[in-house]
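To start, the structure itself, in structure tokens.
Below, each value reflects all heavy atoms present in this structure, side chains not excepted, and no hydrogens, waters or symmetry copies. A note on names: the letters A, B, ... follow the listed sequences, proteins ahead of strands, and every chain is numbered from 1.
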Amino acid sequence: MSKKNDKLEALDLNAYYGDFHALKGINIVMEEKAVTAFIGPSGCGKSTFLRTFNRMNDYIDGFRVDGQILLDGRDIYQKDVRVDELRKEVGMVFQKPNPFPKSIFENVVYGLKIQGIKKKSVLEEAAEQSLRHAALWEEVKDKLDKSALALSGGQQQRLCIARALAISPSVLLMDEPASALDPISTAKIEELIYDLKNDYTIVIVTHNMQQAGRVSDHTAFFYMGELVEYNKTKTMFTSPKEERTQNYITGRFG
Amino acid sequence: MSKKNDKLEALDLNAYYGDFHALKGINIVMEEKAVTAFIGPSGCGKSTFLRTFNRMNDYIDGFRVDGQILLDGRDIYQKDVRVDELRKEVGMVFQKPNPFPKSIFENVVYGLKIQGIKKKSVLEEAAEQSLRHAALWEEVKDKLDKSALALSGGQQQRLCIARALAISPSVLLMDEPASALDPISTAKIEELIYDLKNDYTIVIVTHNMQQAGRVSDHTAFFYMGELVEYNKTKTMFTSPKEERTQNYITGRFG
Amino acid sequence: MRVSEKIIEGLLWLSAVITVLVTIGIIWVLLSESIGFFRQVSIVEFLTEKEWTPLFANKKFGIMPLVAGTLLTTLIAIAVALPLGLTIAIYLNEYAHARMRQIVKPLLEVLATIPTVVYGFFALTVVTPFLQQIIPGMAGFNALSAGIVMGIMIIPMISSLSEDAISSVPRSLREAAYGMGSTRLQTSFGVMVPAASSGIIVSVILAISRAVGETMIVAIAAGQQPRLTMNPLVPIETITTYIVQVSMGDVPQGSLEYKTIFAAGITLFIFTFALNNLSFWIKKKYQEKYD
Amino acid sequence: GGNAGSEGGSDLTGSVQIDGSSTVYPITEAVAEEYRAEAPDVRVTVGVSGSGSGFKKFSRGEIDITNASRPINDEEAKTAEQNGLAYLEIPVAYDGLTVVVHPENDWVKEITVAELKKIWEPAAQGKIKRWNQIRPEWPDQEIHLYGPGVESGTYDYFTEAIVGKSHSSRGDFTASEDDNVLVQGVSTDKYALGFFGLAYYEENQGKLKAVAVDDGDDSNGKGAIVASLETVKDGSYAPLSRPLFIYVQSKAVERPEVVDFVNFYLENAAVLSEEVGYIPLPDELYKEQQQKFEQFVSGKGAATAQQ
Amino acid sequence: MTNSERNRLKDKAFQVFGIFCTFIGLVVLGIFLIDIIIEGSRRLDWDFLTSLPSRRASRAGILTAWVGTLWILVLTTLIALPLGVAAGLYLEEYGRKGRWANFLEINIANLAGVPSIIYGLLGLEIFVRQMRLGSSLLAGALTLSLLILPIIIVTTREAIKAVPRSIRDGSYALGASKWQTVWNQVLPASFGSILTGIILALSRAVGETAPLIVIGALAYVPFTPSSPLDEFTVLPIQIFNWTSRPQAAFLENAAAAIIALLVITFLLNGIAVYLRNRQQRKIKW
Ligand SMILES: Nc1ncnc2c1ncn2[C@@H]1O[C@H](COP(=O)(O)OP(=O)(O)OP(=O)(O)O)[C@@H](O)[C@H]1O
Ligand SMILES: Nc1ncnc2c1ncn2[C@@H]1O[C@H](COP(=O)(O)OP(=O)(O)OP(=O)(O)O)[C@@H](O)[C@H]1O
Ligand SMILES: [Mg+2]
Ligand SMILES: [Mg+2]
């Protein structure tokens, strides 16, 4: 296997909500076109960390970071970085499906439209491609002009993925994308992640060890704002170095 | 093992949301002091069915049922049944923890207070007992007068269970009680269910096969509004009779 | 893109700042005339004198009677509108069918749009004679019927806005309450109303503002007699009524008599300002506790 | 002056802006309405913001004519002067103030000015509370008083005429700017006594009873006199009839449409004021006003032109 | 057992009380409407709607008044809507924290409590005199806009608050700027409720008399305005004027004019309710 490039890096990253120290001196390097899973107990800072990669925390009152986040070697917290450009590069899918209250088509092409692309044919082309990519095309191709809110939860989540893919990001952040879904939808989304990693660098937060095991190449275990362990998923699940990791992933639960 | 009594029964139960036929001729008998798990894909009617046992669907416009639901042999959809009395008998815990915006203590004793119990000592006694029962006492005993909203998600969910236990129901309905929680909290709640079944008849909805396997004595599999299969959990997970059940529970996901 | 974002934000900011300019404008209008007033009448007299007779030959400049009248009618109006409005809000939200709510809510909203002249004559020609049969000693013009009718007028402010607030309480809370065996009443008062309290408080504040600012009903039905009393059965006058009557009357503008309306206006302004501050901080405190 | 009154429409254009007293408004409105037939292209507008507000706008030159239920005061006159405006006061009709009681009141038939003064003067406040304090044979019942708002020219005039000093009266009476409200008050209160414009009495005769007033001066009619069109017009109903005015300013009369309108006003005021419930001036007075106005237009009228 | 029976009894009692209160509200409304309709409907005909004001009650009409009211409505909407929504947006989406925001919030609540007559005095000084607009439609509309601005701002904020955070996040995550998010997601999603607030505010503006009289809106205007700088009258002034006339026939006219005013506000509310319901059917979170 050829050595892949480093896509995302965090250097001595600290994050704070007001006085609360949410992330403590995190250092991590993530390869391109690989899936990295973040695991750890509730409140350990997984989401906070994930959202620093596209600076979604910018809108939270009192939130601040120090240290660096590098995307392709460039610090995204520099003054001159434009967050809207950054987010076109780093797409995101949320825990709860959050389609816009518009038609399916409008949802998928939203990102393109706000970039100023208006040509119908271009948009249609892009919509089909992203929906195919998200394994949703067959199910919705006849009702593109119907409201996205009429889709089932699993379909909505795949729509949100399609929406993120439409603007061709290179990184895809997913915060517990399957936790609200039933097993069938979950399976579809896991398959999808598996397919997508050929083209995208994916970071996924999950509570589900099996899921982490199935879909990720690397796993990072967080505990109380610290990155406890980061390793190949296989290594991590078979022979974790840290006792805390061991305790967490060998819990009898799933 | 002595034969247990039948606690809950559904006879030819049909349920409708307006024109939509959500439950189709369901027949089921559930034993007392046992845990029954409802599984099935999203939208198959698990929650709808669960909520007929304490008539929580009464408030939904256009919802109606025919057929019978028997609690201790008595049809709860009879005219003369008081829903408030029924709900003291049949407690419920919801998917998302929903503590009242009041203190922890006020949350636990809410059910008693609305029954007109005012004596401080009785309330305190009951609060401690329910919180202990819900394995939360140690964590909150020093901050009973703090807002319940300041607890973590897992703690909130256990608080909701304590709240339900405080009014001493005989049946406990749980609609995906752990889906919003991290593995540690989930484990605690599963342990709790395991303990509680000595005293309560428990019905739990879950998307998580492992969870169903771990906590339940019987499992019911629903599909598109029908009860496809109902059996001992062990039997069901090792040798399901129906192909649809097989397909669902042997999905590689969890 | 960046630049246009900044421009837009600037425009939005400007719109918000306009409200400050309006306040400055109001203060300026009020102050510029009332300074002249306070040069001739001491603030001490203004605040402590018990009579308000600036238009009589024997002039007394005590604002208290007008403040008392304003307080009295507002209190009566709120005493009518709050229980009725809140009951209606709870009833519509918790007891009535969705269809009924959809019809009744906008219908009640019409109450707020009936011209207040109509209300005034209703108070005078229907409510007062009716009340006089119950309360024999009642004067033909009084604070009570004006207050009651004003209360009816502001019912929809409380009922509609509170209903909105209650219905935006997460469903999960209501289900929790029902799941515990609460009756509808216990659910409403034990859980929904406390959870919606900030919205309900806002609705009451808006209703109070409307009652404080109302003129025609009081002008027609309450008798225009400034009087330092809390007796609802006798004629009174409110600050706003006084301001409207004088500003549209025959009194020479620029005279001391005319300037009284600005002094009265600034009193009202300070009064509502204090009220708003108070409720704002109460709201803030309350929200912090349970968010 | 203009040749108003000729049958055909005039071809004048422009606008005439009027504001001021709500009491005078009905007359001016009627005149403006009729004037439309006369000069369809002249836009006459009439506001009702009160004499005080009217004078303020008038003295700043913001309007051409103001309706007034009281004469201009010194301050207002000075402002006009500062703005380089001369003006002419033109009486256009009388308003009779009628003293009324409840129709079931069978004890009061007439009342003297002295008695009215005893009731209304400031000293009466808190003292004169019962009917029999005025005349012993009247019942031992509370007396309830009703009158126009203290900010109105009507009240101003009444106090001047009865108490002898304007704005001097007791304060514990029920006031309203809207005379219909007073009608309502008196007509539902057996022990009421009130006063307001004659027109409101005439329109509500069934519900009210007018009281004859005796001013003790036989030179202008003997004994107590009831307010009516005739008694006000011939001056025998004294002292409770007051004149209503319009004021015209000098800049405005440089415009022919304003001149034409005022002339039309004076020609038709007699008929129209009666129609809307007021009492016309004697004919010769209108003539006199027309002359004065002519002088004023030609620049010879003084700023303080008096009646 | 006795306790729960008592609770049930209370519950029933409150239900009856609730029905009773709602009923009172509706009955009072009914009384008003019937009373006004009985008194005014005889006068309400085509002539009444198309005639100019007159001293003769039977000939008087409300043409200029209702046209003026519509003008005022349109102008006030054009001014107050963008301003109020923009200010609401600013407060809710941009400047949400700190002393400045608190100050603005109190300030706006405070403005909502200022009596309308004071706005009239302000309008007279600023718009009529300083800005030399005279007693024109524009001056009137500006004055009323200031009057209803607080109501629009408050309701806009409430409406925007109800848009779920997840929708904003979704938009930002796709690279949308703040304004793009507001314009494409937040505003369309809250449009229904904002509109309700605006229209309720406008029905307040439609009924106002005092501030317009102060700025010099006229009672007798024998022509319909043709530009925002023309003088005008509105229905409430006409009503106010007629109710203070001695002749009973004018009271009848006033009642008929009130019907016309109510029809206008009914229509407004109807539009609001229609849009509100349509919006709520379309968007379920
Ligand atoms: N807006 C906020 N303000 C203050 N504290 C916050 C905020 N958001 C999160 N936190 C705190 O920061 C810590 C990390 O939160 P984060 O959401 O990153 O946890 P997580 O690992 O994603 O947990 P979960 O699995 O429950 O989603 C938690 O203790 C949380 O309480
Ligand atoms: N209030 C409602 N009105 C109309 N249809 C409803 C309503 N609630 C549920 N349904 C429909 O009834 C069916 C059963 O819903 P239910 O909530 O019982 O599913 P579920 O098995 O609990 O699914 P999930 O696992 O997603 O919670 C679904 O098709 C759903 O769309
Ligand atoms: Mg998280
Ligand atoms: Mg469910």
Side-chain angles (χ1 to χ4, degrees), chain C residues 51-60 62 65 117 120-126 128-129 132 137-142 146 215-229 234-237 241-261, chain D residues 20-23 48-57 59 68-70 72-79 121-123 125 144-157 159 163 165-178 180-182 184-189 192:
Chain C
E51 276 181 73
W52 178 254
T53 56
L55 292 164
F56 289 91
N58 177 22
K59 295 182 185 350
K60 298 257 178 67
V117 189
F121 277 99
F122 180 72
L124 185 62
T125 60
V126 180
T128 298
Q132 274 174 330
M138 190 166 131
F141 294 83
N142 56 73
T215 47
M216 288 318 283
I217 298 177
V218 189
I220 293 174
Q224 293 182 28
Q225 253 187 59
R227 181 190 296 237
L228 187 54
T229 179
V234 297
I236 52 93
E237 181 160 32
T241 308
Y242 177 79
I243 295 175
V244 175
Q245 296 306 324
V246 172
S247 70
M248 282 156 55
D250 299 326
V251 175
Q253 297 198 355
S255 60
L256 180 64
E257 290 89 331
Y258 185 73
K259 283 177 184 152
T260 55
I261 71 175
Chain D
S21 164
S22 53
T23 314
V48 284
S49 59
S51 299
S53 177
F55 274 128
K56 176 145 189 188
K57 290 176 185 169
S59 59
S69 61
R70 62 162 171 85
I72 196 167
N73 79 352
D74 294 347
E75 187 91 5
E76 290 157 346
K78 216 166 80 196
T79 315
E121 70 188 349
Q125 177 149 0
H144 301 146
L145 299 173
Y146 294 83
V150 291
E151 68 288 343
S152 69
T154 318
Y155 168 81
D156 196 359
Y157 190 84
T159 45
V163 183
K165 185 172 177 218
S166 86
H167 285 288
S168 173
S169 83
R170 64 196 291 171
D172 54 347
F173 67 98
T174 299
S176 175
E177 196 35 42
D178 184 343
N180 279 321
V181 171
L182 298 177
Q184 180 70 27
V186 176
S187 67
T188 54
D189 182 347

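With sequence neighbours excluded, the residues that form a ring pair (Phe, Tyr, Trp, His ring centres under 6.0 Å) with D/Tyr146 are C/Phe141. Every residue two or more places apart in sequence or in another chain was checked for a salt bridge (Lys or Arg N to Asp or Glu O under 4.0 Å) with D/Lys78, and none qualifies. Residues that satisfy the side-chain contact (heavy atoms from CB on, under 4.5 Å) test with D/Ala123, not counting sequence neighbours, are D/Glu121.
Scanning both residues, D/Tyr155 and C/Leu55, for their nearest heavy atoms gives CE2-O, 4.4 Å. The two atoms that bring C/Asp250 and D/Gly153 nearest to each other are OD2-N, 2.5 Å, heavy atoms only. Closest of all the heavy-atom pairs between D/Lys165 and C/Ala57 is NZ-CB, 3.6 Å.
Interface with chain D: from residues 252-260 of chain C, residues C/Pro252, C/Gln253 qualify, criterion being any non-hydrogen pair under 4.5 Å.
Chain C forms more heavy-atom pairs under 4.5 Å with one residue of D/Ser169, D/Ser59, D/Gly185 than with any other, namely D/Ser169. Counting heavy-atom pairs under 4.5 Å between each of D/Ser69, D/Ser51, D/Ser53 and chain C puts D/Ser51 at the top. With respect to chain C, the highest number of heavy-atom pairs below 4.5 Å among D/Ala175, D/Gly50, D/Ser168 belongs to D/Ala175. Highest contact tally toward chain D, considering only C/Thr125, C/Thr241, C/Thr53, is held by C/Thr125 [criterion: heavy-atom pairs under 4.5 Å]. Interface remark: of the candidates D/Asp178, D/Asn180, D/Asp172, D/Asp172 forms the most heavy-atom pairs closer than 4.5 Å to chain C. The choice from D/Ser21, D/Ser22, D/Ala68, D/Gly52 that makes the most heavy-atom pairs within less than 4.5 Å of chain C is D/Gly52. Top candidate by heavy-atom pairs under 4.5 Å with chain C, chosen from D/Glu75, D/Glu177, D/Glu151, D/Glu76, is D/Glu151.
Within the 4.5 Å cutoff, the side chain of C/Asn58 has no heavy atoms near those of the D/Pro122 side chain.
Neither the backbone nor the side chain of D/Asp189 comes within contact range of chain C; no heavy atoms are under 4.5 Å apart. For D/Ser166, the part sitting under 4.5 Å from any heavy atom of chain C is the backbone (N, CA, C, O) and nothing else. In this structure, chain C has a heavy atom under 4.5 Å from the side chain of D/Gln184, while its backbone stays farther away. For D/Asp156, no part lies under 4.5 angstrom from a heavy atom of chain C. Using a 4.5 Å cut-off between heavy atoms, D/Ser152 touches chain C through backbone and side chain atoms alike.
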